[in-house]
Amino acid sequence: MSPAPQSHVFPRHTKSALPTIARGDGVYLYDRDGKQYFDGSGGAAVSCLGHGDPDVIAAIKSQLDEIAYAHTSFFTSDPAEKLADKLISHAPDGIDRAYFVSGGSEAMEAALKLARQYFVETGQPQRRHVIARKQSYHGNTLGALATGGNAWRRAPFAPLMVETTHISACFEYRGKAAEETTHAYGLRVANELETEIQRLGEDKVFAFVAEPVVGATAGAVPAVKGYFKRIREICDQYGVLLILDEVMCGMGRTGTLFASEQEGIAPDIVAVAKGLGAGYQPIGAMLCSAEIYAAIEKGSGFFQHGHTYVGHPTACAASLAVLTKLTDGGLVERCADMGKRLQDALQQAFGQHPNIGDIRGRGLFRGIEIVEDRETKRPFDPARAIHKELKKETFAAGLACYPMGGTVDGRNGDHILLAPPFIMQDHHIDEVVTKLGVAIAKVL
């Protein structure tokens, strides 16, 4: 038998032998050998419409018949204009402009650069600090990586990154003291922002960055009620811009189009991606307030930023078809409903498991935290790499999900993240729970 052909693809991990994807159909993926996998995490919370959606495919084909690409230094395009109009019509109060890029990291880089330029344009160049939260993830480009608070991702590149500071995450399962009320806990960790602003200098901070529901690093962790309202108050008091990273938790994933809707606040800048294109084309967006846009427009007139594929017409056409299904098609509401059903099923199956510490999330964005001791919440020794074993066994069972390690502090802790397509049915919930049960039984 002849040896397998050598690959020239640079993979994510050089010691992993991955099956080759052949096709997708609805909520399922199929490899070249014909094995079926339920897409339980939508890749990385991307494939909210599942695979093979005919309307999105038709929109892409139709746009290709007109114009695939034109550089935004020369032209705007109808797909970009229409997508911006629809996004803004559903956006939080005050959000007025959309800047289209190719993914989440680019969206966050654009957000950070715009926030800094806003203060340069308005005569406050001394504002140079950004504050974020521990156990956050905001992208893999150097600016976004520096903003994120995930220790193991940052470590190799620390000498190359701009200085940022990080306050505590709002992580009730891990952070709330036994004698503390939920409300008091939320205020306590929110007030760390004010303390850090005062430490750095009341006129030295330009932005605070947070995920409304923390995604990959901690496993679908929502803030407690009232936390973000206090954060908004502090930002307003000190003139700091609030940047919300909704790359993973936005675009309907948590049961509302923008995750911040459930917090009762509006950001100054918000980044979205992943579900914005549902995987059919690479796209992300940075959305900003009318006030920020006006500062640039009345000042230099030029946002000192840009990428080759900004406002890509084909990507925008695909995204417009996706967004129409999410909003007019009622899939965001469906996500909220199916999310409650998934949570109930997970709670019934694993709520009393001795190694399941917490089952949490919003909408079809759910996290299961794995512990060695349920009573003390003690995580497994990271040397055991429980999350890697779970990934292997769930995949073997025909379930693609998103297990990760470092849940607690970047090193300790394991969780499974679920982010299935919004089109899933009740019997798919049973399938997910059954396959998770098989994997958990083998590993734990």
Side-chain angles (χ1 to χ4, degrees), residues 1-53 57 102-105 137 139-141 145 150 152-153 156 215-217 219-220 247-248 273-275 277-284 364-368 370 382-407 414-421 424 428 431-432 434-444:
M1 186 172 65
S2 60
Q6 179 184 358
S7 174
H8 294 283
V9 171
F10 199 134
R12 283 176 173 256
H13 198 305
T14 61
K15 294 177 173 59
S16 294
L18 302 178
T20 299
I21 189 68
R23 64 186 181 91
D25 183 11
V27 298
Y28 293 106
L29 297 164
Y30 298 85
D31 67 22
R32 192 164 56 187
D33 295 329
K35 182 173 179 177
Q36 176 182 279
Y37 307 85
F38 181 85
D39 193 2
S41 61
V46 173
S47 299
C48 55
L49 300 188
H51 306 276
D53 186 284
I57 292 169
S102 296
S105 294
Y137 176 67
N140 254 338
T141 50
L145 188 63
N150 187 246
W152 71 265
R153 284 181 170 92
T217 56
V247 168
M248 186 172 263
K274 296 188 184 294
Y280 288 86
Q281 288 281 284
I283 191 168
L364 285 173
F365 198 45
R366 298 288 163 176
I368 303 169
I370 314 299
R384 281 200 58 183
I386 291 293
H387 63 283
K388 293 181 180 179
E389 293 182 41
L390 285 167
K391 184 174 183 179
K392 178 182 175 182
E393 293 299 337
T394 52
F395 205 61
L399 173 65
C401 58
Y402 204 118
M404 286 290 291
T407 311
D414 303 272
H415 69 264
I416 296 170
L417 186 66
L418 296 173
M424 71 185 301
H428 295 131
E431 180 180 352
V432 170
T434 298
K435 290 179 175 179
L436 271 176
V438 169
I440 288 171
K442 286 188 176 181
V443 173
L444 301 176

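Side chains of D25 and Y30: no donor on one and acceptor on the other come within 3.5 Å.
Between F365 and G215, the shortest heavy-atom distance links the atoms CZ-CA, 3.7 Å. Between G103 and A273, the closest heavy-atom pair is C-CB, 3.9 Å. Pairing each heavy atom of L49 with each of D53, the nearest pair is CD1-OD2, 4.2 Å. Here the shortest heavy-atom pairing between S47 and H51 reads OG-CE1, 3.5 Å. What you find for W152 and G405 is that their closest heavy atoms are NE1-O, 4.3 Å. When every heavy atom of L399 is checked against every heavy atom of V432, the shortest pair comes out as CD2-O, 4.1 Å.
Distance alone, capped at 3.5 Å, is enough to place a donor-acceptor pair between the Y280 side chain and the G52 backbone. Put simply, the side chain of D39 gets close to the backbone of G43: a donor and an acceptor are under 3.5 Å apart. For S105 (side chain) and N140 (main-chain N/O), a donor-acceptor pair under 3.5 Å exists by modelled atom type. Remark: the backbone N or O of H387 is not paired with any side-chain donor or acceptor of H415 at under 3.5 angstrom. Looking only at distances, a side-chain donor or acceptor of S7 sits under 3.5 Å from a matching main-chain atom of V9.
Between L436 and T394, the closest side-chain pair of non-hydrogen atoms falls below 4.5 Å. R153 places a side-chain heavy atom less than 4.5 Å from the side chain of T217. Between I370 and L390, some side-chain heavy-atom pair lies under the 4.5 Å cut-off.
How far CD1 of I368 is from CG of L418: 5.0 Å, rounded to the nearest 0.5 Å. Atom-to-atom distance recorded for I386:CD1 and I440:CD1 is 11.0 Å, nearest 0.5 angstrom. Note that the NZ atom of K392 and the OG atom of S16 stand 11.0 Å from one another [nearest 0.5 Å]. Distance check, rounded to the nearest 0.5 Å: OG of S102 to CD of Q281 gives 10.0 Å. The distance from the CZ atom of R23 to the CG atom of D31 is 10.5 Å, given to the nearest 0.5 Å.
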Take M404 and L417, measure what side-chain contact (heavy atoms from CB on, under 4.5 Å) needs, and give me the verdict at the end. CA-CA 8 Å; M404 286 290 291; L417 186 66; over 6 Å; no
Show, in sequence, the C-alpha distance, side-chain angles and deciding distance for L18 and R12, and conclude whether the side-chain contact (heavy atoms from CB on, under 4.5 Å) test is met. CA-CA 10 Å; L18 302 178; R12 283 176 173 256; over 6 Å; no
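Aromatic ring pairs are classed by plane angle as parallel below 30°, tilted from 30° to 60° and perpendicular above 60°; the pair Y28 and H428 is perpendicular.
The environment of NZ in K35 is crowded: more than 12 heavy-atom neighbours from other residues, nucleotides or ligands sit within 6.0 Å. Within a 6.0 Å radius of NZ in K435, more than 12 heavy atoms belonging to other residues, nucleotides or ligands are found.
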